[in-house]
Amino acid sequence: MEKTEFSCGDIVKVVLPLASDGYDYIVPENLELCVGDFVRVPLRNKEEVGVVFSEKKEPLDYDISRVRKIISKVKNYKLLPTQIEFVLRVADYNLTQVGNVLKMVMGFDEVFSSTIPRVKKTNYNPTYVSPELSPEQKNAVGVLSKKLGAGFSVSLLDGITGSGKTEVYFNVINEALKKPEAQVLIMLPEISLTGQFLSKFKDRFGILPVLWHSSVTKAQRRDNWKAIISGDARVIVGTRSSLFLPYKNLSLIVLDEEHDGSYKQEEGVIYQGRDMAVLKSMVDKIPIILASATPSIETINNVNLGKYSVVKLTSRFGSAVMPDVELIDMRQNQPAKESWGKAWLSSILVKQIEEKLSAKEQVMLYINRRGYAPLVLCGKCGHRIQCPNCNVYLTAHNKDDTRCCCHHCGYSMRLPKVCPKCQAEDSWTLCGPGIERIEEEVKNRFPTASVETISSDIITSQTRLNEIISKIAKSEVDIIIGTQILVKGHHFPNLTLVGVVDGDMSFSSSDLRANENTFQLLTQVSGRAGRDVKKGNVVIQTYNPENSVMQAIKNNDREAFVKQELIDRQNAMMPPFSKLGALILSSKNKLALENVCAKLRQKMPVGLDNIQVYGPIDSPLSYLKNNYRKRFLLVVDRKIKIQDILKRWVSMVNIPSSVKLKVDIDPYNFM
C-alpha cells in the first residue's frame, strides 16, 4: 500500500507550480506531513510553495547529502487525494508536466500571504424565487436531480434555444445545495456571459455566487480561492480555469454551452475544458450536466453510444416559438452602391429592419469579423499591407483615421499615404466588411436609431459590456451589431430580428469542424430572436443557400445535419471515430526548425496498424509573432493510447532550446 504519511527522514516528492514533475526533499525533525499538504521548500536561492505528492520510491541515483530539507508546512490548506489524482491524470492525458497543472490549482503565490478569507460562508435560500416550470422542465429536473449523490454520471441537457435550460439546472443546483456542505461549479465558456447570468442567478437565489475568471481582481481571486478550499464558497461560476480550483466538497458540475470552442485552452497547458470537466467528475465520483442547444458531435456520439444520458427540451418556454429563418441568395440580391460607399446589407434585410424599427422592436446584426475591413490593398499595383511579425494581412480599423492592426500579435501601423511598392498616392482600397463597416452603413441608413456595436476591440471592459447588455435588455437600444460575443446565452425579450451579414464566413476555415462550427454559430445567433411573446425572424445572407448546412439551419433540422456530419467524419476517420494529436514546432531560427522536423520525420511511427502521420507541413500561420511554425498530425484508432505513441516518438529526437515544441491532444485549432 502506498505510503501517505511522512515523518523525519522520509524523502518525498514535492511538486511546485513550475514546468517540472517535482523535486525530492527530506522531511525535517518535528514535522509530520501527509500527501496533499502545502509546504515551503528551498529552490535555488528562493523559497517556493508546493504540494507533497508522494514518497520517493526508486533507489536514489544521487548522494542523499544533496537532498534539501522542507522548510515548513503551510497551515490550513491541503489538497484532497482526488485533487492529486485529477492533477496527475490531466498532466498524463495532455502530455504536460505535473507542475504546470498544479499551477492552475494553486492560482498564484499571494493566496498564501494570509490565512483568513474575506468571503463569508453563504447559505442559499432554496425557496427565494422558484418560477413555474413547464412539464418538460419538471421532468428534466426530476431526472437530473436523481443523479445527485449517486456517483459519476454525464447527462446532456439538450434544449432548443429559449427552452429554459438555465432554469432547469438552477432547480437541480437548488436540490444539490440542500446538502449543507455541498459545492457546485457552474462553468461558462466566456467572461462576456457572466453579467446577465449573475442577474439571473440573483433573481433565482437572492444572492450572488463566487466568481472565477481572468477579469476578477487579484485580491478577489485570493479571497475566492481561500473560500473555495475552505468550503465557504458554495456556488462558483467561472470559465474553464475554474475547473482546477481546490474544492473541498464538490458535488455537481454544470457546464453550459458545452459545444463552445472557448472551452479549448490553446496556451500554456493545452486542454479541452469540457473533456477535463468530465474527467474531474469521474475522479470525484459526482454528476456533471452538459447543457447546449447545439451539442458537439463528440457529445452526441457519446449519447448514441450510451456513455452519456440525455434529457431533452423540445419547445421554447412559455408562449415563445422558434423564429422563421430566411436565406437570402446574395448572388441575386447584391446591394446597390450608396452615397456613402459600398453597401453590405441586402434590400430584403434593410426592409425588414425598417419594419421592426417602426414596430418599436429590436434588431441584431451579426458579423464575426472585427475592424473595418479585413484587407487593405493598393488599387494601382495590388500590394497588400502585411504584418511584419506574422504571415497575415493587416485589418483596417477606423476608416477616418485608418490604423492597420494584426489580430495575432497586436502590431499596428497608420496606413501610409504612399504605397511602398509602386509609390502611388491615396490608392488604398479597403476590401470586405468588418463590424465597423456594418456600423457605418447602419448609421447612414437609420440615422435616428439607437445603435450599439459590440466586439472585443470596441468593448474593452467587462463593466462596460454589462452596461450595454443591460441597456439592450431594457429596450434602450434599437440595433445591436455584434461578433461572437453576442451569440451565446443572452436573452433580450424585445429582439425579434436577427440578420447574419456573411453566413458563409466559417466555411472558409481549414478546421475539420468548419461545418459543425457554422451550424452551431448560426443556430445560436438565430436563437436570440423571438425569445419572448413576439415571434422572431432570422435573415441569413449567403452566397450558397443550397449548402446542406444552410438548409439544415433554415429547416431547423439538426438531426439531418448531425447524421450527415457523423457519416462524413467516419468516412474520413476523423473524431469522434479517431484520436488526434498534433506536434506544433516553432522557432525564430528557420534552419534549426527544419532540422528538428527532419529528425522527427525520420522517427515517425509509420507502418503500424491504425496509425497515420501527416507532416511536417508549414502551419497555415507559418510565421507568427516572429517565429516560423510547422506541424505534424497523428491520427490513431480510438482504442490506442495516443499519448504513449507521442511520448515515445518525441523522446527519440533531441530538441534544442531554440525550438519550441507544443503537444496538442484533440486539436481544435489547426492554424
Side-chain angles (χ1 to χ4, degrees), residues 1-6 10-25 27 33-39 41 43 48-58 70 73-74 77-108 111 151-152 154 185 187 225 228-229 240-250 253 263-265 268-286 288 579 581 640-648 650-651 662-666:
M1 189 170 176
E2 192 166 319
K3 189 173 177 181
T4 59
E5 297 181 358
F6 313 105
D10 286 336
I11 298 179
V12 296
K13 179 186 282 188
V14 175
V15 178
L16 302 171
L18 307 168
S20 81
D21 287 326
Y23 301 91
D24 295 342
Y25 289 91
V27 179
L33 291 174
C34 297
V35 168
D37 282 339
F38 285 90
V39 292
V41 297
L43 183 72
E48 298 280 355
V49 175
V51 177
V52 177
F53 262 61
S54 63
E55 183 182 23
K56 174 71 175 179
K57 291 184 219 171
E58 303 84 5
I70 291 171
K73 176 178 170 180
V74 179
Y77 302 123
K78 183 185 178 86
L79 292 188
L80 301 174
T82 51
Q83 291 163 343
I84 298 281
E85 182 185 351
F86 180 57
V87 168
L88 291 170
R89 291 184 67 171
V90 169
D92 179 65
Y93 186 89
N94 295 291
L95 291 184
T96 190
Q97 285 139 319
V98 179
N100 290 332
V101 182
L102 182 66
K103 185 176 182 180
M104 297 190 287
V105 175
M106 290 175 60
F108 47 95
V111 298
F152 167 64
V154 186
L185 169 62
M187 293 176 66
W225 189 93
I228 288 164
I229 197 170
R240 59 183 177 250
S241 61
S242 63
L243 180 64
F244 296 91
L245 296 171
Y247 300 96
K248 185 177 183 181
N249 192 20
L250 189 60
I253 299 173
Y263 283 118
K264 178 72 175 183
Q265 169 76 23
V269 179
I270 303 175
Y271 64 92
Q272 204 334 324
R274 178 199 63 224
D275 297 345
M276 295 305 101
V278 172
L279 175 62
K280 172 74 171 168
S281 64
M282 184 188 301
V283 170
D284 285 14
K285 299 181 175 61
I286 60 172
I288 180 171
K579 290 287 291 182
I640 297 172
K641 190 175 179 186
I642 195 169
Q643 291 85 351
D644 290 345
I645 298 169
L646 285 167
K647 273 193 285 192
R648 192 161 56 247
V650 170
S651 70
K662 288 192 342 185
V663 180
D664 187 355
I665 305 295
D666 308 319

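Here the structure is a predicted model, which is why all the values come from computation and not from measurement.
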Quiz item: Run the side-chain contact (heavy atoms from CB on, under 4.5 Å) check on Leu245 and Leu185 step by step: do they pass?
Solution: CA-CA 10 Å; Leu245 296 171; Leu185 169 62; over 6 Å; no
Practice problem: Could you note down all residue pairs passing salt bridge (Lys or Arg N to Asp or Glu O under 4.0 Å) where residues 90-100 supplies at least one of them, sequence neighbours left out? | Solution: Asp92-Lys641, Asp92-Lys647
Self-check item: Side chains of Lys78 and Asp37 in contact at under 4.5 Å (non-hydrogen atoms)
Solution: yes
Quiz item: Does any non-hydrogen side-chain atom of Ile253 lie less than 4.5 Å from one of Asp284?
Solution: no
Quiz item: With side chains defined as the heavy atoms from C-beta onward, is the minimum distance between Val49 and Tyr77 less than 4.5 Å?
Solution: no
Exercise. Evaluate the side-chain proximity of Val87 to Val51: yes if any heavy-atom separation is below 4.5 Å, no if none is.
Key: no
Exercise. Only counting residues at least two apart or in another chain, list the ones meeting side chain to side chain contact (heavy atoms under 4.5 Å, CB included) with Thr96.
Key: Ala91, Asn100, Val101, Val269
Quiz item: Judged by atom type as modelled, is there a donor-acceptor pair below 3.5 Å linking the side chain of Gln643 to the main-chain atoms of Leu95?
Solution: no
Exercise. Mind checking the CD1-CD1 spacing from Ile642 to Ile665? Nearest 0.5 Å is all I need.
Key: 5.5 Å
Quiz item: What's the shortest heavy-atom distance between Phe38 and Met106, and which atoms?
Solution: CE2-CG, 3.8 Å
Practice problem: Mind checking ring-ring contact (aromatic ring centres under 6.0 Å, His included) for Tyr271 and listing every partner two or more places apart, or none if nothing turns up? | Solution: Phe244
Self-check item: With Lys285 via side chain to side chain contact (heavy atoms under 4.5 Å, CB included) - residues at least two apart
Solution: none
Self-check item: Residue pair Leu279 / Asp275, side-chain heavy-atom distance below 4.5 Å
Solution: no
Self-check item: Flag if over 12 foreign heavy atoms under 6.0 Å of NZ, Lys103
Solution: no
Quiz prompt | Identified side chain to side chain donor-acceptor pair (under 3.5 Å) counterpart of Asp666 within the set Gln272, Lys579, Lys264 | solution = Lys579
Quiz item: Under 4.5 Å between any side-chain heavy atoms of Gln265 and Met276, yes or no?
Solution: no
Exercise. List the atom of Pro246, the atom of Trp225, and the distance in Å for their closest heavy-atom pair.
Key: CD-NE1, 3.4 Å
Practice problem: Of all the heavy-atom pairs spanning Phe152 and Ser281, show the shortest one and how long it is. | Solution: CE1-OG, 3.2 Å
Quiz item: Should Leu102 and Leu79 count as side-chain neighbours, where that means a heavy-atom distance under 4.5 Å?
Solution: yes
Quiz item: Got a donor-acceptor contact below 3.5 angstrom from the Asp21 side chain to the Val98 backbone?
Solution: yes
Quiz prompt | ring-ring contact (aromatic ring centres under 6.0 Å, His included) involving Tyr23 - partner list, sequence neighbours excluded | solution = none
Quiz item: Does any non-hydrogen side-chain atom of Ile270 lie less than 4.5 Å from one of Asn94?
Solution: no
Quiz item: Which value, rounded to the nearest 0.5 Å, describes the distance between Glu5 atom CD and Leu33 atom CG?
Solution: 10.5 Å
Quiz item: For Leu18, what residues pass the side chain to side chain contact (heavy atoms under 4.5 Å, CB included) criterion, not counting sequence neighbours?
Solution: Leu16, Leu43
